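Since the model is a prediction, treat every value here as computed from it, not as a measurement. When a ligand or atom number is given, it counts from 1 through the structure's own listing order. Just so you know, these numbers use all the heavy atoms, side chains as well, and skip hydrogens, waters and symmetry mates.
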Amino acid sequence: MPFAWSVKDQALLQRFSFPATSVSNEQVLFRNECLVFAQMPERTGLTTIYHETRKLENENDDFERNGLDSSRLITVLKFCGGEGCLELGRSYHALIAKTGLDADDFVATSLIDMYAKCGDMDSADALFNQMPRFDVASCNCLISGYARCGLFDEGFRFFMKYDSFGNKPNPYTYSTMLAISGTFSVIEEGKQLHAQVVKMQYLSETAVSNALLTMYIKCGVMEDAESLFKRLPRRNVISWTAIINGLYQHKDFEKAMRLFCLMRENGIEPNEYTFTIALASCGSMRNLDCCHLLHALVIKKGMALGEFVGTAIIDMYSEIGEMDDAKKQFKAMETSASKVSRNALTKGLVQNEKAKEALDAFSEMVRKDAACDEFTFSIILKACASLPSITSCQQIHARIVKANFDTNTHVGSSLIEAYTKCGSVEEAERVFSRISAPDVVSWNSVIKAYSQNGNPRRAISLFRRMIDRGFRPTGSTFLAVLSACSHSGKIQEGQEIFQSMVSEFSISPEEAHYSCMVDLLGRSGQPEKALDYINNLPIEPTASIWKPLLAACRCHKNLRMAELVAKHILALDPDDATVYVTLSNMYAEAGQLVNAENQRKLMKLKEVTKEPGCSWTEVNNKIHKFFARDRTHPESAKIYSKLKQVMMQIKGTAYGTTNANSQQLKADPSLYHSEKLAVCFALISLPARKPVRIFKNLRVCSDCHMFMKSVSLVTDRVIVLSDNYRFHHFNEGCCSCGDYW
Ligand code: ZN
Ligand code: ZN
């Protein structure tokens, strides 16, 4: 019966230009190797070769004699270990035992290695004890196995038994042990190993000395690493790179660059990896000259267009905000450009607030059918969120579904965050429900979505459900749920949740949590309690802890306390323009016009500048931006006549009655605030009933807030306004914030 190859196998073999017509034992071996190199992620690939090898066994009587030689077995066992296929490895073990090949030292060691790599340490240990002779390679396999399973103590105990075997560890054993000490960051054991290495005179082995160096760096003791480096008898490119990388990791970029230069002076040529670290150090140093010099050197070495170093150049220029240079580099790499370098460029554009360009670059990627991974989608969704543009978000969502990434945990969480930023919480929850295995990050994102987007009760109930499902909330979960409690006025519940965070989940509160608690107490009309709370905090109150109390004073018109709180904030952050503005507005409301004017003068005197208010909205996939009294928009005339019309319409509403006085003051500046212009533009441009989404860089003023409420009522529209504090969902004359913001 002829042997049949599966379609998948044929495709694979074609890639290795192997004629898949007949089969021999040679081909089985070759196929095994093909599979190893192809690194097939699915275990199905392995099961296939197993079954087919078995089939072959039955067909070929000579197989056991000819087919099962030790070198072939070692390849298969290595494969099983690498892929973590314990069952298949065990079957081979049975086959090996049957043929007596386990007497072969190499085969026995491979078996131990296979078991150790698959995490079956008991079997590995039992096999080791059965070995007739001591074998240092098997010892090393066992030690690595313990390390991989996170069994540091067992590994170390086994290492200490070496003497009882009547044998000495070899340099490789020390490298392995040092790597384990570094990973587990156990400096005491590391130092013991160091002493032994010196005694055994292994320090001149560069593999051992480099492992020592890496151990000190991983344990975070740079002084020891540096002094060891200075005393090393032999230093190769790996040792230099290790110490430079250590300095980089510990953010000593200047020193990293000094050593990089010293390395070259010592006649050691940096490799690609050394260059990427040097490039990253230069970027972090924010020294453009240094970046250009290093870039020139990389070009001279002919390394600038490789994926690895080339991408590091893009990262470096992105880091210092030189996006033109980054784009030039990407263009130069065009033919060799990969997913990694594309992602680096997109990330740089997003980081440097060039979200529109990042979206264009992404469209280009899609046009060229370039491969996207979860990282690509996560960055591009950040771009949508920063604009924020719901249209782009929806377009990319469609891409994600097409690429089968919509059930991916990371992409899902990014998508939730992007939709949240765009004010579309319904979409966010729909995405959440599609994620196949939501993790803490996904739960946090969806809780935050509801907390920020006017449904705090839903946020709290999701928080309860998350705990019921056995997830452990993090600091950010509590931040989201505490702010939800605060928005929904659940004082008691908020305080209980805060308590449980500390006592039940042992999370120590940070500045932001305290700030949330102050907001909670202040908002509930208990500014005195909030003040007490601040005065009794275990940490020194910061400006951001005081700020919510100032907001509470403003809402509850407590001018006296506002004056006190403002003093505290300005002492900590003298340039905070919002404090002067808030005080000035409060004085004005209380009829203390002189004081109000004084605040404005004070602000001018201290040269504190208030960022000009600006609002934007997305119409037909384009962002339209407005400033107060803006007449630069091409549709300006229509916008102003719409504003007039709306003002007439809402005369009979709450807005009309409370603003009767200011209406008479024709010059009232708040009439032309940017968000009013933006909403009127959206009203004349969007189809009926489509929700209007406005974004503003500053806190919305009370006049505009009331205006939006009335407009939502008379035009029968949902208006979502996101200011730099929170989202307001206006619907049928009410706002989700409950008039507290
Ligand atoms: Zn306003
Ligand atoms: Zn509101």
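- Relative to the six-membered ring of Phe681, Lys642 misses at least one condition, a distance below 6.0 Å or an angle of at most 45° to the axis.
- A salt bridge does not link Asp519 with Lys547: none of the charged nitrogens is closer than 4.0 Å to a carboxylate oxygen.
- Of all heavy-atom pairs between Ile569 and Trp546, the closest is CG1-CB, 3.5 Å.
- Judged purely by atom type and a 3.5 angstrom limit, Asp723 has no side-chain atom pairing as donor or acceptor with the backbone of Lys696.
- Around the Zn ion (ligand 2), the protein N, O or S atoms found under 2.8 Å comprise His705 NE2, His728 ND1, Cys735 SG, Cys737 SG.
- Taking the Zn ion (ligand 1) as the apex, the angle formed with SG of Cys704 and SG of Cys701 is 120°, to the nearest 10 degrees.
- A donor-acceptor pair is defined here as one N or O able to donate and one able to accept, closer than 3.5 Å; no such pair exists between the side chain of Ser486 and the backbone of Leu482.
- With respect to the Zn ion (ligand 1), His673 has ND1 as its nearest N, O or S atom.
- Scanning all heavy atoms of the two residues, the minimum distance from Leu570 to Asp576 falls at CD2-O, 4.1 Å.
- With Arg600 contributing its side chain and Ser584 its backbone, the two residues share no donor-acceptor pair below 3.5 Å.
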